[in-house]
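In what follows, every chain begins at residue 1, and chains take the letters A, B, ... in the order their sequences are listed. Hydrogens, waters and symmetry mates are skipped; everything else that's a heavy atom, side chains included, is used.
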Amino acid sequence: MSSLLATGRTHDCGSLRREHVGNEVVLFGWVHRRRDHGGRIFVDLRDRAGLTQVVFGPDIDEGAHALADQLRSEFCIGIRGTVVDRGENENPNLPTGAIEVEAHTLEVFSTSATPPFVIADDDRLDVHENLRLAYRYLDLRRPCVQRNFLLRSRLYQITRSVLTRHGFWELETPYLVKYTPGGARNFLVPSRLNPGTFYALAESPQIYKQLFMVAGFDKYFQITRCFRDEDLRNDRQPEFTQIDVELSFATPERVFAPIEELVAEALRELAGHELELPLPRLSWREAMERFGTDKPDLRFGLELRDVTEVTRGCGFRVFESAPLVKGLCVPPEHAAPLTRSQLDKLTDFVKKREHGGAKGLAWARVEPDGSLKAPFAKNLSPEATAGIVRVMEAEPGSVLLFVADDFDTVHTALSALRLHLRDLLGLLDEASPSWRLAWVTEFPLFERTDDGRYVSAHHPFTSPLPEDVPLLDTDPASVHAQAYDLVMNGNEIGGGSIRIHRADVQAKVFEVLGLDEEEKQQKFGFLLEAFRYGPPPHGGIALGLDRIAMLLAGAESLRDVIAFPKTQRGHDLMTGCPTPVDEAQLAELYITHRPLPGRDDT
RNA sequence: GGGGCGGUAGUUAAGUUGGUUAUAACGCCGGCCUGUCACGCCGGAGGUCGCGGGUUCGAGCCCCGUCCGCCCCGCCA
């Protein structure tokens, strides 16, 4: 073994200060940058803790100086030397800038080929993502990337600390689970021992954690991987990490309390932000009405206003004939960028299918005398004009933007427009990031499919609000659930529910979902059987750990907080997976595949 | 399945109406340099313009197809 390795390092590259001057130290790390002045060679030595300037010179050590001439970027080296005060030459940009290490010994542990991109260009992430992913281990060397993973590591520790303090047991559930169609698409794992049958990779530990409650474990949590074979997005990976939580004798408030403490501590420790508890609660209905979405960004105003009533019989047919007319009021101080051509762009924006596909955007400016200047204004009755100005809380100089359509279209379009205006008009202060969290509660229990069937909005074990139970018979669409999401800055970071523990209510829900006895037994027989033996009332939540880490890190993508992520097409560019497999292994599993699409082998 | 953006030197980008030898910065290689810290100076190497086909006297540029990456819809909590 080399002498320095045997000695071991005395410090990391981020910790030396003026108080260490005179110490003999051993540092290990990578050559971040090298500046060769002939008689002086400076090396910024990097490890995960920081940078330390190391100096080589013939007067310090002739051999080390000669060897340092051969150093190049990303060589992995060890040095022994003396900490000296830099005095006038202090570098204020480095935490270790007050000192440098005069190297008496240099050992090259390993040389490095010229990396495909420069690791030291740390603050610039502008390397193509495919290259970053192909050389992920080098990408992960960058200090700015490493910071995200330190944050992520601390998030695990905070989670464990807070939840353990609250009496939760950390437990594990299987990844190889029973295949249940419906919900997210499963990854399948063939069973060699049972040819022709498959496990599924768990989409979530949902059913197992409920069985923990039946088992009397009372309070459970797990930081666990979940697998979903669905299309990827900026904030969606096929494997991701949840903080999964379940507790017995639960009410929504009893679920919220420890979770609020967890996010508060995470924000305090990782973002330096003191969260005010309890967090605001917002019913789903209120969130939709005020923001047009179930995950409102509460960092700015610009709330939706309903002018349906005041525009009945107003003289403008578009408004009169629509089931719902709502609008946004851009106050005068932000309205300047909204020129005529910009308003035309906003009209195109709301017409796009992904922004709701509204038929148009009606806009108006409020004149100093309180009248409206707009293409449609001449049609408006004075009463309607006054009503609009009042409801919109408009003042002279405000710009009003209206969408008239059905409930879904109006809210989708105005919600998208609201976020668009947030960015267009700079409604957030980028310099001082703010953190606005809220619980969105009382989601609808069911959603209607195109062919009129009911499906669970959350999952089939979600409990209705007690007062809505009778509606299961008469009007399932209006039943609200004891289901909730946790929303942070317009992102859903968690969701959960109180589960059904009463057999009669569960039976009713299955009835609405159209599950017959056979399907029930086939899909959930074991859970229903378990629920015959005194299940406690229970409920829980799952938090998206990756998303929380992404937001706290200020990252743009989930990929920035997952060490080895997949591309949008599900590829790992470093290993090249997924790949075909050996025919022999397929044969062992009794698997053949159909002709592949788009490959004409003939 | 659909819509949009992108792919030019190791990297990031520029490349005019289709026209001479495809540019720049950084990086890399060699040399010089004892106070730099994005060191500096001098010199040099480096190109399958993603891939395939087409139009043309001539294609990085136009057309068709295809692969890859990113963003979005559908899908997915």
Side-chain angles (χ1 to χ4, degrees), chain A residues 32-45 51-60 65 69 72-74 84 86-94 96-97 100 102 113-135 138 182-186 203-204 206 226-238 240 242 294-295 352-357 412 416 440 443 447 450 456-459 462 483-487 491-497 541-544 547 556-557 559 566-571 573 576 597-599:
Chain A
H32 189 68
R33 278 202 179 86
R34 171 176 163 277
R35 293 174 294 278
D36 185 349
H37 289 236
R40 273 282 179 278
I41 296 173
F42 300 97
V43 167
D44 292 334
L45 191 63
L51 293 174
T52 299
Q53 174 160 290
V54 178
V55 197
F56 298 91
D59 50 331
I60 300 166
H65 178 253
D69 185 55
R72 294 293 181 272
S73 290
E74 301 309 317
V84 298
R86 291 183 59 174
E88 292 291 298
N89 286 322
E90 176 164 354
N91 182 348
N93 301 319
L94 284 184
T96 60
E100 63 190 4
E102 292 188 337
T114 301
F117 50 87
V118 181
I119 281 107
D121 282 349
D122 172 40
D123 40 348
R124 287 179 301 191
L125 276 179
D126 57 356
V127 178
H128 283 187
E129 189 135 5
N130 49 3
L131 199 69
R132 295 179 56 194
L133 292 174
Y135 294 90
L138 296 180
R185 202 175 282 115
N186 291 108
E203 299 167 24
S204 78
Q206 183 59 40
C226 302
F227 306 88
R228 293 178 189 164
D229 188 6
E230 296 293 345
D231 285 9
L232 287 79
R233 283 283 191 287
N234 185 28
D235 60 351
R236 277 166 22 196
Q237 281 275 312
F240 61 99
Q242 278 189 350
D294 57 11
K295 46 177 183 176
K352 286 192 175 171
R353 194 160 50 94
E354 64 261 38
H355 301 141
T412 306
V440 177
F443 276 70
E447 285 168 3
D450 293 338
S456 295
H458 188 57
H459 59 60
T462 304
Y484 32 80
D485 278 357
L486 181 57
V487 175
N491 296 273
E492 179 205 330
I493 58 168
S497 64
I541 189 169
L543 302 173
R547 283 188 188 172
E556 312 252 307
S557 162
R559 293 183 299 277
K566 307 281 190 286
T567 68
Q568 193 161 44
R569 288 175 50 88
H571 292 144
L573 296 181
R599 309 248 171 95

J.: Quote, to the nearest angstrom, the C1' distance that separates B:A45 from B:G27.
T.: 13 Å
J.: For nucleotides B:C67 and B:U56, find the distance between their C1' atoms and express it as a whole number of Å.
T.: 26 Å
J.: Side chain of A:T52, backbone of A:L45: donor and acceptor closer than 3.5 Å?
T.: no
J.: Heavy-atom count check: over 12 atoms from other residues, nucleotides or ligands less than 6.0 Å from A:E230 CD?
T.: yes
J.: Decide yes or no, distance alone: a donor-acceptor N/O pair under 3.5 angstrom between the base of B:U36 and the side-chain of A:R86.
T.: yes
J.: Apply side-chain contact (heavy atoms from CB on, under 4.5 Å) to A:H458 and A:D485, showing your working.
T.: CA-CA 10 Å; A:H458 188 57; A:D485 278 357; 5.7 Å; no
J.: Any chance CZ of A:R35 has more than 12 other-residue heavy atoms, nucleotides or ligands included, within less than 6.0 Å?
T.: yes
J.: Name the nucleic acid region contacted by A:Q206, choosing base, sugar-phosphate or nothing; use a 4.0 angstrom heavy-atom cut-off, strictly under.
T.: nothing
J.: Measure the CG-NE2 distance between A:D36 and A:H65 for me, rounded to the nearest 0.5 Å.
T.: 6.5 Å
J.: Tell me which of A:R236 and A:H355 sits closer to the 5' end of RNA chain B, going by the nucleotide each one is nearest to.
T.: A:H355
J.: Using atom C1' of each nucleotide, how far apart are B:G6 and B:G74 to the nearest Å?
T.: 23 Å
J.: Quote, to the nearest angstrom, the C1' distance that separates B:C70 from B:C63.
T.: 25 Å
J.: Measuring only the P atom in each nucleotide, how far is B:G43 from B:C26? A whole number of Å is fine.
T.: 14 Å
J.: Name the nucleic acid region contacted by A:L131, choosing base, sugar-phosphate or nothing; use a 4.0 angstrom heavy-atom cut-off, strictly under.
T.: sugar-phosphate
J.: How many whole angstroms separate atom CZ of A:F56 from atom C1' of B:U36?
T.: 14 Å
J.: When the C1' atoms of B:C49 and B:C42 are considered, how many whole Å apart are they?
T.: 31 Å
J.: Applying a 3.5 Å limit to both distances, which nucleotide forms a Watson-Crick or G-U wobble pair with B:G69?
T.: B:C5
J.: Within less than 4.0 Å of OP1 or OP2 of B:C39, is there a side-chain N or O belonging to A:R33?
T.: yes
J.: Quick check for you: among B:C76, B:U36, B:U34, whose closest atom lies nearest to any side-chain atom of A:E230?
T.: B:C76
J.: Go ahead and name the base partner of B:A13; Watson-Crick or wobble counts if both distances stay under 3.5 Å, otherwise write none.
T.: B:U23
J.: In whole angstrom, what separates A:E90's CD from B:C37's C1'?
T.: 13 Å
J.: Roughly how far, to the nearest 0.5 Å, is CD1 of A:I541 from CD of A:Q242?
T.: 10.0 Å
J.: Picking from B:U12, B:C76, B:G74, which would you name as closest to the side chain of A:A184?
T.: B:C76
J.: Counting heavy atoms from C-beta on, name the nucleotide in B:C28, B:C37, B:G74 closest to the side chain of A:N89.
T.: B:C37
J.: I'd like to know whether A:N91 forms a side-chain contact (heavy atoms from CB on, under 4.5 Å) with A:Q53, so could you lay out the CA-CA distance, the side-chain angles of the two residues, the decisive distance to 0.1 Å, and finally the verdict.
T.: CA-CA 10 Å; A:N91 182 348; A:Q53 174 160 290; 6.0 Å; no
J.: Counting side-chain heavy atoms from C-beta on, which of B:C28, B:C37, B:A77 comes nearest to A:S73?
T.: B:C28
J.: Starting at atom CG of A:D36, determine the distance to atom P of B:U34, rounded to an integer number of angstrom.
T.: 10 Å
J.: State which of B:C28, B:C33, B:C37 makes the closest approach to the side chain of A:Q53.
T.: B:C37
J.: Return the value, rounded to whole Å, for the distance between atom NE2 of A:H37 and atom C1' of B:G40.
T.: 7 Å
J.: Quick one: do A:E129 and A:R559 make a salt bridge, cutoff under 4.0 Å?
T.: yes
J.: Identify, with sequence neighbours excluded, every residue that meets salt bridge (charged side-chain N to carboxylate O under 4.0 Å, His left out) alongside A:K295.
T.: none
J.: Quickly work out the A:F117 CZ to B:A13 C1' distance and round it to whole Å.
T.: 18 Å
J.: Can you tell me the distance, in whole Å, between the CD1 atom of A:I41 and the P atom of B:C37?
T.: 16 Å
J.: Can you check whether A:R35 has a side-chain N or O nearer than 4.0 Å to OP1 or OP2 of B:U36?
T.: no
J.: Taking only the C1' atom of each, what is the distance from B:G31 to B:C37 in whole angstrom?
T.: 23 Å
J.: How would you label the contact of A:R228 with the nucleic acid (heavy atoms, under 4.0 Å): base, sugar-phosphate, or nothing?
T.: sugar-phosphate
J.: Base, backbone or nothing for each nucleotide of nucleotides 65-71 of chain B, written B, S, -, heavy atoms under 4.0 angstrom, 5' to 3'?
T.: ---SSBB
J.: If you look at every strand shown and take non-hydrogen atoms under 4.0 Å, does A:D229 touch a base, only sugar-phosphate, or nothing?
T.: nothing
J.: Work out how far the P atom of B:G2 is from that of B:A59, and round it to whole angstrom.
T.: 32 Å
J.: Under 4.0 Å from OP1 or OP2 of B:C32: is there any side-chain N or O of A:R40 that close?
T.: no
J.: Determine whether A:F117 and A:H128 satisfy the following criterion, side-chain contact (heavy atoms from CB on, under 4.5 Å), listing intermediate values before the conclusion.
T.: CA-CA 10 Å; A:F117 50 87; A:H128 283 187; over 6 Å; no
J.: Now, which nucleotide makes the Watson-Crick or G-U wobble pair with B:C49, with each of the two distances under 3.5 Å?
T.: none
J.: Distance check needed: B:C72 C1' versus A:L232 CG, whole Å only.
T.: 14 Å
J.: Measure the distance from CD1 on A:I60 to C1' on B:G35 and round it to the nearest whole Å.
T.: 11 Å
J.: Given the structure, check if the side chain of A:N91 and the base of B:C37 hold any donor-acceptor pair shorter than 3.5 Å.
T.: yes
J.: Looking at the side chain of A:V118, which of B:C39, B:C29, B:G27 is the nearest nucleotide?
T.: B:G27
